[in-house]
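Everything below concerns the one structure shown next.
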Amino acid sequence: MSTQTATPELRQWILEQARAGHAPDVVLQAMVQSGWDEEVALEALEQTLSDFLSDRSRETSGGLPQAVPVPEPRLEGRTQLRLPDGHEVRVVLQMQSPRVVVFAGFLSDQECDDLRALAAPRLTRSETVDNTTGGSEVNEARTSAGMFFARGETALVERIEQRISALLHWPVENGEGVQVLHYGPGAEYKPHYDYFDPAQPGAPSILRRGGQRVGTLVMYLNTPEAGGATVFPDVRLEVAPVKGHAVFFSYDRAHPVSRSLHGGAPVIAGEKWVATKWMRERRFD
Ligand code: PD2
Ligand code: ZN
């Protein structure tokens, strides 16, 4: 039995060889020659190429990716929800396509202030996941500073994560760590999708950990003086950033039909603080 396991870099390299037109047996031979166990190399080769081909065949047949289950609050016509921790939130807006729900009072003023104080000393210039490599990079479309908490890192973070899970009926384990972002005057986050583009070569390595992102909750930790709305350009919706409010949106397919394109409009005056929770299809460990 081999103790080797295929790495994301190996899978990336396999895709590059396939794109360059090298036949699978030649690629396999090269892997074995560079020290990979034949069984591990063969399995990595088969899995990587079949993932790649199934994505391609969906695209070329003009088909949509299959819809998957997503987080969803159970509103049942109510506009006021009491969560298991006794916290009450109000629904101030909802739409079906894209699926967007705005909650008031999701965080208390104290929780907003405490989260900001915990995050402030750890902020660094924001990076985004680079779809082509699976790594992260500084991105000019995102002129904010940010940091990630580990899941359950502090009692406050854990309480917020439990609240999100209870509100959206989605396991805490499927959530990425909370990210806090700080935008100064003029800073923005240009429109983007939060899901990972499955056609990008880096996607299989990103998706192996927890699958796709299927939902986002952006929590506003302050009220900017002017600007800083979260915008959904496909439907011309602007969600006002109000301290303690949170905007939830989901996307059941990693495809523009989800209409989940969204951005953070430039801050015109003052500053903007948000905390974001991204939710995956499966456990994110
Ligand atoms: O800060 C925002 O309004 C914003 C806009 C778009 C945050 C995100 N995306 C995000 O964190 O994904
Ligand atoms: Zn986003």
Side-chain angles (χ1 to χ4, degrees), residues 70-71 92-93 98-104 106-107 112 115-116 119-120 123-131 136-149 157 160-161 164 168 170 175-197 206 210 212-252 254-256 258-280 284:
V70 294
V92 292
L93 175 148
R99 183 61 176 145
V100 176
V101 187
V102 179
F103 298 99
F106 182 77
L107 296 178
C112 291
L115 204 53
R116 275 167 50 179
L123 293 177
T124 57
R125 175 79 197 268
S126 290
E127 298 190 339
T128 45
V129 174
D130 180 348
N131 258 326
S136 57
E137 56 169 15
V138 169
N139 184 336
E140 283 314 313
R142 194 174 183 194
T143 48
S144 54
M147 57 77 65
F148 273 99
F149 286 104
V157 168
I160 294 170
E161 287 171 337
I164 296 170
L168 301 173
W170 206 251
E176 297 181 30
V178 169
Q179 184 185 46
V180 173
L181 289 179
H182 173 243
Y183 303 75
E188 66 180 313
Y189 195 172
K190 295 223 168 82
H192 60 274
Y193 296 100
D194 281 353
Y195 58 73
F196 302 106
D197 180 351
I206 297 169
Q212 262 296 357
R213 284 181 179 162
V214 288
T216 306
L217 185 75
V218 176
M219 297 161 271
Y220 302 105
L221 304 182
N222 78 322
T223 306
E225 246 171 83
T230 302
V231 298
F232 293 81
D234 289 348
V235 288
R236 299 187 177 194
L237 172 66
E238 289 188 17
V239 177
V242 177
K243 187 175 184 179
H245 284 203
V247 56
F248 163 69
F249 50 99
S250 64
Y251 22 97
D252 64 1
H255 190 279
S258 65
R259 305 215 279 179
S260 63
L261 185 69
H262 66 284
V267 173
I268 296 168
E271 53 179 351
K272 175 185 172 189
W273 288 84
V274 298
T276 299
K277 169 67 78 176
W278 286 294
M279 286 152 275
R280 299 290 189 107
F284 182 79

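Along the sequence shown, residues are numbered consecutively beginning with 1. Just so you know, ligand 1 is whichever comes first in the structure, and atom 1 is the first atom listed for that ligand. Quantities reported herein were computed from a predicted structural model and do not represent experimental measurements. Just so you know, these numbers use all the heavy atoms, side chains as well, and skip hydrogens, waters and symmetry mates.
- Residue Leu237 is tested with Leu93, Val231, Val247 for a side chain to side chain contact (heavy atoms under 4.5 Å, CB included); the sole match is Leu93.
- Contact atoms of ligand 1 toward Gly264: 3 (O), 5 (C), 6 (C) (distance under 4.0 Å to a heavy atom of the residue).
- The Zn ion (ligand 2) has His192 NE2, Asp194 OD1, His262 NE2 as protein N, O or S atoms under 2.8 Å away.
- Short contacts between ligand 1 and Thr276, defined as distances under 4.0 Å to a heavy atom of the residue, involve ligand atoms 10 (C), 11 (O).
- With ligand atoms numbered from 1 in the order given, ligand 1 contributes 1 (O) to contacts under 4.0 Å with heavy atoms of Val274.
- Atoms of ligand 1 found under 4.0 Å from any heavy atom of Tyr183 (numbered from 1 in listed order, with element): 1 (O), 2 (C), 4 (C), 7 (C).
- Near Gly263, meaning under 4.0 Å from one of its heavy atoms, ligand 1 places the atoms 5 (C), 6 (C).
- Here's the thing with Thr230: one of its N/O atoms is less than 3.5 angstrom from an N/O atom of ligand 1.
- If you take NE2 on His245 and CG on Leu221, they are separated by 13.0 Å, rounding to the nearest 0.5 Å.
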Run the side-chain donor-acceptor check on residues 265-277: report pairs under 3.5 Å with partners two or more places apart or on a different chain.
from   : atom 1 : to     : atom 2 : distance (Å)
Glu271 : OE1    : His182 : NE2    : 2.7
Glu271 : OE1    : Trp273 : NE1    : 3.4
Lys272 : NZ     : Gly228 : O      : 2.8
Lys277 : NZ     : Glu161 : OE2    : 2.9
Lys277 : NZ     : Glu176 : O      : 2.6

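- A donor atom on one side chain and an acceptor atom on the other are not found under 3.5 Å apart for Tyr189 and Thr230.
- Geometrically, ligand 1 and Lys272 share a nitrogen or oxygen pair separated by less than 3.5 Å.
- Phe249 pairs by the ring-ring contact (aromatic ring centres under 6.0 Å, His included) definition with Phe232, His262, not counting sequence neighbours.
- In summary, the atoms of ligand 1 found under 4.0 Å from a heavy atom of Asp194, numbered by their order in the structure, are 12 (O).
- Summarising the geometry, atom CG belonging to Leu107 is positioned 7.0 Å from atom CG belonging to Leu115; distances are rounded to the nearest 0.5 Å.
- For His262, a nitrogen or oxygen atom sits less than 3.5 Å from a nitrogen or oxygen atom of ligand 1, counting backbone and side chain alike.
- Which parts of ligand 1 touch Trp278 is read off a 4.0 Å heavy-atom cut-off, strictly below it: atoms 10 (C), 11 (O), 12 (O).
- Identified under the salt bridge (Lys or Arg N to Asp or Glu O under 4.0 Å) test for residues 227-252, with sequence neighbours left out: Asp113-Lys243.
- At a 4.0 Å heavy-atom cut-off, ligand 1 touches His192 through the side chain alone.
- For the side chain to side chain contact (heavy atoms under 4.5 Å, CB included) with Tyr183, the lone residue among Pro241, Ser144, Pro224 that qualifies is Ser144.
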From CA spacing to verdict: side-chain contact (heavy atoms from CB on, under 4.5 Å), Leu261, Tyr193
CA-CA 5 Å; Leu261 185 69; Tyr193 296 100; 3.7 Å; yes

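- For Arg213 (side chain) and Asp194 (main-chain N/O), a donor-acceptor pair under 3.5 Å exists by modelled atom type.
- Phe106 and Phe103 have tilted rings, their planes meeting at an angle from 30° to 60° on a 0 to 90° scale.
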